[in-house]
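Take a look at the structure set out below.
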Number of protein chains: 2
Amino acid sequence: MLYNVRQIESTLRQRGYKITPQRRAIVRAITGCREHLTPAEIYGRVRREHPGIGLVTVYRTLETLAGLGLICETHAGGSCRSYLVRRPAGHHHHLICSDCGTVIDFTDCDLAGLERRLAREKRFRISGHLLEFVGQCRTCREAAGI
Amino acid sequence: MLYNVRQIESTLRQRGYKITPQRRAIVRAITGCREHLTPAEIYGRVRREHPGIGLVTVYRTLETLAGLGLICETHAGGSCRSYLVRRPAGHHHHLICSDCGTVIDFTDCDLAGLERRLAREKRFRISGHLLEFVGQCRTCREAAGI
DNA sequence: ATCGCTGCAAACTGTTTGCAAGTGG
DNA sequence: CCACTTGCAAACAGTTTGCAGCGAT
């Protein structure tokens, strides 16, 4: 359901991008984490196993991966900074835990009816939507209950 | 439905904030515009009639107004920068024109069913959601058609 | 008269760019 | 071997903070 390291590297190769140790490490960091990560967080993780890497490389790789649709950016959750997650193919939305940051994807949003009505009433040609639910995941709720 | 200058100033006064010419100008700029405005845009507009004002004052006033719930921030629309609009009281969503930036508010989102299902399936306690539609408004569509 | 507000300058954070050197295919 | 990639430094953009003086109440 989610892209894995192999698929991402394969896509990069197909598109003529080179597979460098840095890119490999960045891809591994993103795919190996269930939460949204900021560029700085990704940099921190990658640096553990690849100390010489530059933050600039992280930014450039994220831009490349996002451009290929292999990862995606989100902007919700209070801070305006751009977050990144690995991405399931196609249209999807996020369910975000406000405590631990875990992100669960879901695809069936059933907004077609609302979209049609808004398009008619407001005379918009609607091209897309952003839907995110925020709440507390089971683990955090139980942890808080203790 | 939307807060006007008088209501905002009244709220500020009630909460012990002073009504200065700068704050008045900022409030007027925000309420007098149907689009989302960045802090820099607000600064630009306010400066026309109040040249001496500082960008810092704009930021501080926006923070105050947002804290009182009189305006709200949004983060959608490509650029991650925080946009601000005057806000209708209560729960609402945005319909944003990707060309001119016009924002139309709507309130009935009918997501209760989806929210219940997600809460059950993913075991989340859902506390809120963010829903934004992006498209082309009538004016821009017609302008593009020419 | 008082305390909050303003504006300047400067610090800070996050992101992008120019360029020389390094390296994957 | 060569174009793509990297990493440094520096530029940039947006936002926040310290502080002295001003002004709304």
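Chain A is the first sequence line, chain B the second, and so forth, proteins listed ahead of strands; every chain is numbered from 1. Since the structure is predicted, the reported quantities are computational estimates derived from the model, not experimental observations. As a basis for the values below, the full set of heavy atoms in this structure was taken, side chains included, without hydrogen atoms, waters or symmetry mates.
Atom P of nucleotide D:dT15 and atom CD1 of B:Ile42 are separated by 10 Å, given to the nearest angstrom. Following rounding to the nearest Å, A:Glu63 (CD) and C:dT17 (C1') show an atom-to-atom distance of 11 Å. The distance between atom NE2 of B:His50 and atom P of C:dG7, rounded to the nearest whole Å, is 7 Å. The CD atom of B:Glu41 sits 14 Å away from the C1' atom of D:dA13 (whole-angstrom rounding). Atom P of nucleotide C:dG14 and atom OH of A:Tyr43 are separated by 13 Å, given to the nearest angstrom. As a whole-Å value, the separation of A:Ile19 CD1 from C:dG25 P is 7 Å. Between A:Tyr59 atom OH and D:dT6 atom C1' there is a gap of 17 Å when expressed in whole angstrom units. When the C1' atom of D:dA24 is taken as reference, atom NZ of B:Lys18 falls 5 Å away, rounded to whole Å.
Looking at heavy-atom distances under 4.0 Å, A:Gly16 makes no contact with the nucleic acid at all.
For the pair B:Leu55 and B:Arg13, nearest-nucleotide mapping onto DNA chain D gives the more 5' position to B:Leu55.
Shown here for A:Leu95 and A:Phe106, the closest heavy-atom pair between the two residues is N-CE2, 4.2 Å. Residue A:Val46 comes nearest to A:Ala29 through the heavy atom pair CG2-CB, 3.8 Å, listed as atom of the first residue, atom of the second, then distance. Closest of all the heavy-atom pairs between B:Phe124 and A:Gly135 is CD2-C, 4.0 Å.
Neither OP1 nor OP2 of C:dT23 sits under 4.0 Å from any side-chain N or O of A:Gln22. In this structure, B:Thr20 does not reach the C:dC5 phosphate: none of its side-chain N or O atoms is under 4.0 Å from OP1 or OP2.
The nucleotide whose nearest atom lies closest to any side-chain atom of A:Thr57 is, among D:dT6, D:dA9, D:dT15, D:dT6. You'll find that the side chain of B:Val56 is closest to D:dT17, out of D:dG23, D:dT15, D:dT17.
Among the candidates A:Glu41, A:Arg47, A:Arg45, the single residue satisfying the side-chain hydrogen bond (donor to acceptor under 3.5 Å, both in side chains) test with A:Tyr43 is A:Arg47.
Donor-acceptor pairing under 3.5 Å, judged by distance alone, is present between the side chain of B:Arg60 and the base of C:dG7.
No continuous path of hydrophobic side-chain contacts links A:Val56 to A:Ile71 [ILVMFWY only; heavy atoms under 4.5 Å].
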